[in-house]
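The chain is numbered in sequence order, starting from 1.
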Amino acid sequence: MDLDLSVIVPARNEEDCLGACLESLVSQSDEGWKLGRDWELLVVDDGSIDRTREIAQSFTGVTVMSPAALPKGWTGKANAVWTAAKQAQGEWLLFTDADTVHEPGDLRRALHEAEKYKAAMLSYSPRQIVRGFWQRALMPLVFSELVLAYPPAKVSDPESRLAAANGQFLLVQRDAYVQIGGHEAVADSMLEDVDLAYLVKRRKLGLRFRYAPDALSARMYRSFGQMCEGWTKNLALLFGNTLITAGWKLLDIFLLVGLPVLAWYFLGPLSPAMPWLTARLVILLVWLRTLWRFYRRVMKSNFPFVDCLLSICGLPLFVWLLWRSWFDHTVTKRVVWKGREYAGGSR
């Protein structure tokens with residue numbers, strides 16, 4: 001018997017967040033749309049050594065499974081969700097991460113939205129929850145660049161070849177998923193969400209992507225080290241011009257820090273006709289223009305105002321992560337994520 005929806009949650013050592021995720025999903029079951037009758041919830045415990053499986057099994061109506069043995073060349077996530085997708089009974093498949101918290105009713109609203117816009121794939125970018133100084137300073141920088149690299153309106157435009165998706169919420173019609181080859185087609189990709197979106201776009205099956213704070217939130221990283229490891233894995237794949245992006249951010253640092261220093265210590269005239277006070281004023285005006293351009297760009301990230309203000313402090317870290325990601329993917333060709341080592345360079 002086909003169900004309306006199969007929700008698939010891959011989980012590897014997610015005891016800190018899985019409970020809140022499953023609570024937000026299970027609570028969407030009601031008499032009109034009942035878990036187990038109209039939709040199902042599958043959790044794939046991908047070799048966790050913490051309480052992940054125990055937490056998943058504590059929820060009534062949740063099916064907990066283990067993935068098949070990891071084939072050579074596959075990422076752990078692709079193998080986990082592919083195992084569940086082959087057993088899923090839903091007309092639609094929703095792949096969502098264990099670090100998400102869903103708003104009441106977002107599952108049915110997403111189904112209606114996909115049908116309304118005739119999208120075989122619907123992906124949401126969640127409201128991001130950040131904790132600690134470095135997350136608040138770095139994350140707006142990364143997401144502002146993502147918004148500029150993958151404008152949702154352009155991604156959703158069938159006439160544009162640009163594609164993107166966010167694996168934290170990836171809803172796809174099962175027939176379309178089978179048609180593009182499912183996660184087996186992107187088995188070696190560390191950016192499987194984006195690559196699946198490109199396959200959907202190429203087949204002209206209909207793709208919709210948007211920022212959706214009304215649907216869900218996510219806390220991607222629980223520590224500074226986890227955040228650095230995660231972005232090292234992804235940045236070089238998300239931005240094809242990683243070193244150029246790093247160069248522009250270095251220029252931002254030079255201008256934002258160097259211009260005020262130059263104005264403060266400027267002693268001589270720029271020209272015989274320009275006194276030192278006027279020279280300082282010109283430099284400060286250039287600095288203010290640079291500052292305004294920087295913050296106008298960062299505000300596109302959809303992060304709170306205070307976090308955007310802090311982002312200027314995250315520039316050195318962002319440059320370092322861009323370089324490190326490029327180095328790991330291009331030179332060492334070795335990337336580590338959640339205790340597993342992968343060959344770098346593969347999307």
Side-chain angles (χ1 to χ4, degrees), residues 97 99 124-155 162 164-168 190-191 193-194 209-213 217-260 286-330 335 337:
D97 287 350
D99 56 13
Y124 290 154
S125 179
R127 177 173 61 89
Q128 297 295 330
I129 307 297
V130 290
R131 296 286 185 268
F133 175 81
W134 287 112
Q135 285 192 24
R136 297 177 68 191
L138 177 70
M139 296 288 274
L141 286 171
V142 177
F143 275 84
S144 63
E145 294 301 317
L146 288 174
V147 169
L148 293 166
Y150 303 96
K154 193 171 182 180
V155 169
L162 184 66
N166 189 320
Q168 293 170 321
M190 284 175 285
L191 212 61
D193 45 8
V194 177
F209 177 57
R210 72 174 178 90
Y211 175 57
S217 60
R219 185 180 175 189
M220 292 178 66
Y221 305 116
R222 302 280 158 165
S223 68
F224 178 81
Q226 192 181 70
M227 177 180 71
C228 290
E229 187 177 77
W231 287 124
T232 297
K233 173 177 71 79
N234 286 336
L235 287 177
L237 304 177
L238 289 166
F239 308 119
N241 52 353
T242 314
L243 291 184
I244 294 176
T245 303
W248 281 112
K249 298 310 167 187
L250 277 174
L251 181 61
D252 279 340
I253 294 172
F254 173 78
L255 294 174
L256 292 169
V257 176
L259 287 176
V286 173
W287 177 74
L288 288 171
R289 174 66 177 80
T290 303
L291 191 67
W292 175 78
R293 177 192 58 78
F294 172 79
Y295 278 121
R296 184 180 65 171
R297 187 181 185 95
V298 174
M299 289 300 293
K300 296 179 184 295
S301 67
N302 296 308
F303 275 73
F305 178 74
V306 174
D307 293 348
C308 290
L309 283 181
L310 290 175
S311 65
I312 195 169
C313 302
L315 277 170
L317 177 59
F318 190 27
V319 170
W320 176 68
L321 289 174
L322 285 164
W323 177 86
R324 182 180 168 187
S325 183
W326 171 84
F327 187 83
D328 285 0
H329 280 279
T330 307
V335 178
W337 177 240

Are any non-hydrogen side-chain atoms of F254 and L259 less than 4.5 angstrom apart?
no
Counting C-beta onward and ignoring hydrogens, is there a side-chain heavy-atom pair between L256 and L315 closer than 4.5 Å?
yes
Backbone N or O of G167 within a donor-acceptor pair of the D193 side chain at under 3.5 Å?
yes
From L250 CG over to F318 CZ, what is the distance, rounded to the nearest 0.5 angstrom?
11.5 Å
Euclidean distance, S144 OG relative to M299 CE, rounded to 0.5 Å
11.0 Å
According to the interplanar angle, ranging from 0 to 90°, do the rings of F327 and W323 count as parallel (below 30°), tilted (30 to 60°) or perpendicular (above 60°)?
parallel
For residues 304-313, pull every pair meeting side-chain hydrogen bond (donor to acceptor under 3.5 Å, both in side chains), keeping only residues two or more places apart or in separate chains.
R136-D307
Could you tell me which non-hydrogen atom of L317 sits nearest to which non-hydrogen atom of C228, and how far apart they are?
CD1-SG, 4.4 Å
Looking only at heavy atoms, what is the nearest atom pair of G314 and W134, with distance?
CA-CZ3, 4.4 Å
Residue pair F239 / A149: nearest heavy atoms and the distance that separates them
CE2-CB, 4.0 Å
Does I129 reach the side chain of D99, with side-chain heavy atoms less than 4.5 Å apart?
no
Atom NE2 in H329, atom CG in L237: separation rounded to 0.5 Å?
4.0 Å
Is N302 close to R127 at the side-chain level, that is, under 4.5 Å between some pair of heavy atoms?
no
Side chain to side chain, L309 and Y295, heavy atoms closer than 4.5 Å
yes
Please walk me through it: do L291 and W287 pass side chain to side chain contact (heavy atoms under 4.5 Å, CB included)?
CA-CA 6 Å; L291 191 67; W287 177 74; 3.9 Å; yes
Please report the closest heavy-atom contact between Y211 and S125, naming both atoms and the distance.
CD1-O, 3.3 Å
To the nearest 0.5 Å, what is the distance between CZ on F294 and SG on C308?
9.0 Å
Does E145 have any side chain to side chain donor-acceptor pair (under 3.5 Å) partners at least two apart in sequence or in another chain, and if so, which?
K249, R297
What are the two closest non-hydrogen atoms of F209 and Y150, and how far apart are they?
CE2-O, 4.3 Å
Can you confirm whether more than 12 heavy atoms, excluding those of L243, are under 6.0 Å from its CG atom?
yes
Determine the sole option in T245, I244, D252 for which the side-chain contact (heavy atoms from CB on, under 4.5 Å) test with W248 is passed.
I244
Nearest heavy-atom neighbours spanning A165 and V194:
O-CG2, 3.9 Å
Nearest 0.5 Å, what's the CZ-CG distance between F143 and L148?
13.5 Å
Mark yes or no for whether S325, through its side chain, and L321, through its backbone, hold a donor-acceptor pair below 3.5 Å.
no
Can you list the steps and then say if M220 with Q135 is a side chain to side chain contact (heavy atoms under 4.5 Å, CB included)?
CA-CA 10 Å; M220 292 178 66; Q135 285 192 24; over 6 Å; no
Can you pull the side-chain hydrogen bond (donor to acceptor under 3.5 Å, both in side chains) pairs that have at least one residue in residues 221-238, sequence neighbours excluded?
none
Would you say the side chain of P316 lies within less than 4.5 Å of the side chain of W320, judging by non-hydrogen atoms?
no
With a 4.5 Å limit on heavy-atom distance, are the side chains of S301 and L146 in contact?
no
Heavy-atom check, side chain of R219 versus side chain of Q128, under 4.5 Å
no
